[in-house]
Amino acid sequence: MPVLHIVNKSPYDRNSLDTCLRLARADAAILLIEDGIYAAQKNAAASDKVQHALGKHPIYALQPDLQARGINPDNMIEGISLVDYDGFVKLTTEYDKLQSWL
Amino acid sequence: MPVLHIVNKSPYDRNSLDTCLRLARADAAILLIEDGIYAAQKNAAASDKVQHALGKHPIYALQPDLQARGINPDNMIEGISLVDYDGFVKLTTEYDKLQSWL
Amino acid sequence: MKFGILVNEGPYTHQASDSAYYFAAAALRAGHEIVRVFFYHDGVNNGTRLGVPPQDDRNISARWAELAKDNDVELILCVAAAQRRGMLDADEARRAGKDADNMAPGFQISGLGQLIDAGIQADRLIVFGD
Amino acid sequence: MKFGILVNEGPYTHQASDSAYYFAAAALRAGHEIVRVFFYHDGVNNGTRLGVPPQDDRNISARWAELAKDNDVELILCVAAAQRRGMLDADEARRAGKDADNMAPGFQISGLGQLIDAGIQADRLIVFGD
Amino acid sequence: MASKRFLYINRKAPHGTVYALESLEVVLIGAAFEQDVSLAFIDDGVYQLMRNQDTTAIGSKNFSPTYKALGDYDVSKIYVEQESLETRGLSKDDLMPLTYEDEDDDWAEKDSIHIVSGAELAEIIEQQDVILNF
Amino acid sequence: MASKRFLYINRKAPHGTVYALESLEVVLIGAAFEQDVSLAFIDDGVYQLMRNQDTTAIGSKNFSPTYKALGDYDVSKIYVEQESLETRGLSKDDLMPLTYEDEDDDWAEKDSIHIVSGAELAEIIEQQDVILNF
């Protein structure tokens with residue numbers, strides 16, 4: 001089973017999302033947590049690359065982190081799935097390698 | 001007297017050098033310290049923008065930080081001046097506003 | 001399923017310790033086992049018993065200790081990282097000739113081998129950090 | 001010239017505290033005055049007396065305390081940031097009902113007003129952080 | 001003593017790290033010193049002012065309503081960089097309304113937030129005496 | 001117990017933060033556990049392997065010579081991403097030579113560093129059991 005990539009940094013502050021997208025294989029999934037959830041917002045500078053990545057990877061975002069930061073689900077890029085912490089744990093059981101892009 | 005901008009992060013990891021260059025006025029100087037000194041290396045992806053910035057700003061790099069990271073002064077972009085900690089202190093007396101791009 | 005958790009950052013400054021805590025709680029809720037939470041780098045600072053957070057804020061160290069007690073989870077602080085940063089239990093303090101220690105009950109100090117062992121024992125090792 | 005120095009990060013993990021120390025030493029060497037070094041955020045962790053760094057590494061807290069003693073420099077830890085992170089002097093520990101404290105001699109705990117005051121008193125305030 | 005011009009520069013997102021919260025604590029304490037205070041929000045710092053932040057599910061303190069109290073502390077010069085907003089697909093409507101009562105204008109309620117260009121912000125930076133970064 | 005495949009991913013520059021040093025400490029301790037160990041250097045992590053690092057003037061520990069001991073600990077699979085090198089204007093010649101003695105080939109001294117493409121590295125990541133990030 002493939003890799004779950006976890007990104008916890010804003011795509012505007014750090015290079016971690018870029019590196020994740022460069023090194024994630026087509027069968028891998030991506031989970032955005034903490035400040036990583038800013039990548040989920042639509043109509044922003046990073047939206048195009050995230051939209052494009054959705055063609056290759058399932059992308060998830062941690063709902064508690066979105067809510068904390070005031071990002072309305074209506075402003076999320078379509079196709080990104082929201083998970084709570086229970087869903088986060090479930091993802092880590094479904095993918096057998098976990099790669100946190102610290 | 002103008003601003004001394006201090007950048008301590010690698011231009012490949014963070015956005016701080018980019019923001020510094022966007023917001024530094026023509027009379028301001030830039031000092032690269034800690035991981036910021038990687039911006040001083042020539043023939044690298046960030047070299048062009050640093051080279052271009054040299055047309056507007058004096059740029060300094062902290063020699064102890066270069067030496068620690070194994071960057072040979074021969075591999076530095078021409079026009080960047082090296083300072084030691086004594087020179088760092090002297091710069092902070094010559095510029096009366098200090099802006100650290102944390 | 002068996003989980004190992006690595007926490008690289010201290011309490012309050014980075015969200016890493018909070019995220020790890022909520023992940024751990026959710027994993028236990030789902031019936032999974034947590035073989036060990038290993039605290040490395042500034043993560044060792046999660047083990048202090050001297051924290052006095054504001055009344056309206058969470059107590060991160062106390063919360064970890066409670067989770068561990070209720071669910072029989074090992075909370076391990078890396079000894080080398082802890083010594084460097086002044087996080088000591090009574091034994092370490094005595095050995096180093098220090099007049100005080102600051103580790104909270106529920107945490108233990110041990111070697112980096114415990115991190116590798118967590119990787120070997122667990123079905124999934126997940127890392128939280130900066 | 002009068003300098004104020006703000007240190008936002010703890011010892012060892014980030015270079016900020018090292019850079020601030022070498023800057024302070026050079027400023028004093030050049031005959032400048034340092035009105036105050038203010039430690040905020042994880043910076044308060046620089047004030048521990050319980051650190052046991054490896055023999056071949058620097059002792060960051062001891063080095064700060066020595067610089068302060070030799071040059072009569074104030075080293076202030078922000079009280080709110082320190083409480084949150086479990087960095088206490090004897091008074092704070094007693095007040096909070098804690099059985100131990102961990103602050104090193106040479107450091108003092110005080111309020112954030114001391115940071116603003118440093119900005120007012122100093123000709124230059126310089127910030128070191130992450 | 002003459003008052004100095006203090007600028008607090010906020011470039012970090014809230015909640016992922018504590019800097020935004022602890023920066024706000026300095027501003028509130030500093031307000032008692034009757035200096036000239038400005039705040040700048042640049043890069044991910046603009047996220048600090050987002051409406052509808054709710055930290056219930058991550059358990060940390062929701063300090064975002066505190067920004068609304070800044071006006072009561074006579075902190076009314078709040079500069080937000082336009083380019084930082086645009087990069088993040090945000091406009092002023094996405095931010096909390098922050099206001100103050102202008103004592104020189106019969107206590108009229110006025111907007112504290114000024115959206116400024118990079119060039120304007122560069123000039124504001126140059127006008128300061130003390131710049132604080134967290 | 002069957003051995004697992006451990007991959008240590010290093011993405012941070014040395015000296016500015018302690019992660020590189022403390023990561024190396026884990027690798028050395030972990031070597032005693034006789035697992036299958038690989039190291040990847042990506043992004044600013046490639047700077048960890050630069051030649052001629054000298055920390056005398058910043059007072060911190062110069063741990064860079066320790067990478068040369070990895071071969072003695074049977075850590076000989078060291079992957080450096082080509083694109084990360086190129087972005088930084090570096091080539092293999094800028095890195096310290098890291099070698100090991102191959103016991104299956106009459107203890108011949110061999111190169112531990114493998115420069116790999118992003119695609120190759122992606123495949124290496126997928127082959128692991130445990131991935132450690134600092």
Side-chain angles (χ1 to χ4, degrees), chain B residues 6-18 20 31-52 54 60-80 82-90 100-102, chain F residues 9-24 40-68 80-98 113 115 118 121 133-134:
Chain B
I6 304 170
V7 176
N8 76 332
K9 290 288 175 260
S10 159
Y12 307 109
D13 180 44
R14 306 262 190 129
N15 68 357
S16 44
L17 180 67
D18 287 335
C20 170
L31 170 64
L32 306 171
I33 69 168
E34 301 178 355
D35 291 342
I37 64 93
Y38 291 118
Q41 178 150 340
K42 68 182 176 193
N43 300 324
S47 305
D48 276 358
K49 67 182 159 203
V50 174
Q51 186 76 59
H52 184 256
L54 272 166
Y60 303 87
L62 193 61
Q63 203 275 336
D65 281 324
L66 272 152
Q67 186 182 329
R69 288 158 181 81
I71 306 287
N72 190 313
D74 295 344
N75 283 327
M76 254 176 46
I77 294 165
E78 222 170 308
I80 295 179
L82 286 178
V83 293
D84 58 11
Y85 274 100
D86 295 333
F88 181 178
V89 169
K90 190 154 177 288
S100 297
W101 289 101
L102 306 184
Chain F
I9 294 192
N10 299 285
R11 286 183 61 245
K12 291 179 181 159
H15 315 305
T17 55
V18 82
Y19 302 104
L21 162 62
E22 290 189 326
S23 172
L24 188 55
F41 293 87
I42 311 174
D43 292 335
D44 282 355
V46 303
Y47 289 132
Q48 295 180 26
L49 302 180
M50 290 283 282
R51 291 174 188 263
N52 302 322
Q53 299 178 51
D54 173 3
T55 59
T56 316
I58 61 166
S60 59
K61 193 168 155 174
N62 189 2
F63 56 98
S64 70
T66 311
Y67 291 101
K68 295 184 186 165
V80 177
E81 196 211 17
Q82 174 71 25
E83 183 166 338
S84 299
L85 286 176
E86 280 169 11
T87 297
R88 289 156 187 80
L90 301 175
S91 70
K92 196 178 175 185
D93 292 342
D94 295 301
L95 309 182
M96 295 181 278
L98 302 183
I113 295 186
I115 310 292
L121 193 53
N133 295 269
F134 301 106

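Chain identifiers are assigned alphabetically (A, B, ...) following the order of the sequence lines, protein sequences preceding nucleic acid strands; residue numbering begins at 1 within each chain.
Note that CD1 of F/Ile58 is 11.0 Å distant from CG of B/Leu66, once rounded to the nearest 0.5 Å. Atoms NZ and CG, on F/Lys12 and B/Asp13 in that order, are 8.0 Å from each other to the nearest 0.5 Å. One finds the CD1 atom of B/Ile71 at 7.0 Å from the CG atom of F/Leu90 (value rounded to the nearest 0.5 Å).
Contacts of F/Asp54 with chain B are made by both backbone and side-chain atoms, with heavy-atom separations under 4.5 Å. Both the backbone and the side chain of B/Asp65 come within less than 4.5 Å of a heavy atom of chain F.
Listed here is the closest heavy atom pair of F/Arg88 and B/Gln41: O-NE2, 3.5 Å.
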Subject >> Working for side-chain contact (heavy atoms from CB on, under 4.5 Å), residues B/Arg69 and F/His15 >> reply: CA-CA 7 Å; B/Arg69 288 158 181 81; F/His15 315 305; 3.7 Å; yes
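Surrounding NZ of B/Lys90 are at most 12 heavy atoms belonging to other residues, nucleotides or ligands under 6.0 Å away.
Residue with the most contacts toward chain F among B/Pro64, B/Gly70, B/Ala68: B/Ala68 (heavy-atom pairs, distance under 4.5 Å). The most heavy-atom pairs under 4.5 Å with chain B, out of F/Thr87, F/Thr56, F/Asn52, F/Thr55, come from F/Thr87.
Of all residues in residues 31-40 of chain B, those placing a non-hydrogen atom less than 4.5 angstrom from a non-hydrogen atom of chain F are B/Asp35, B/Tyr38.
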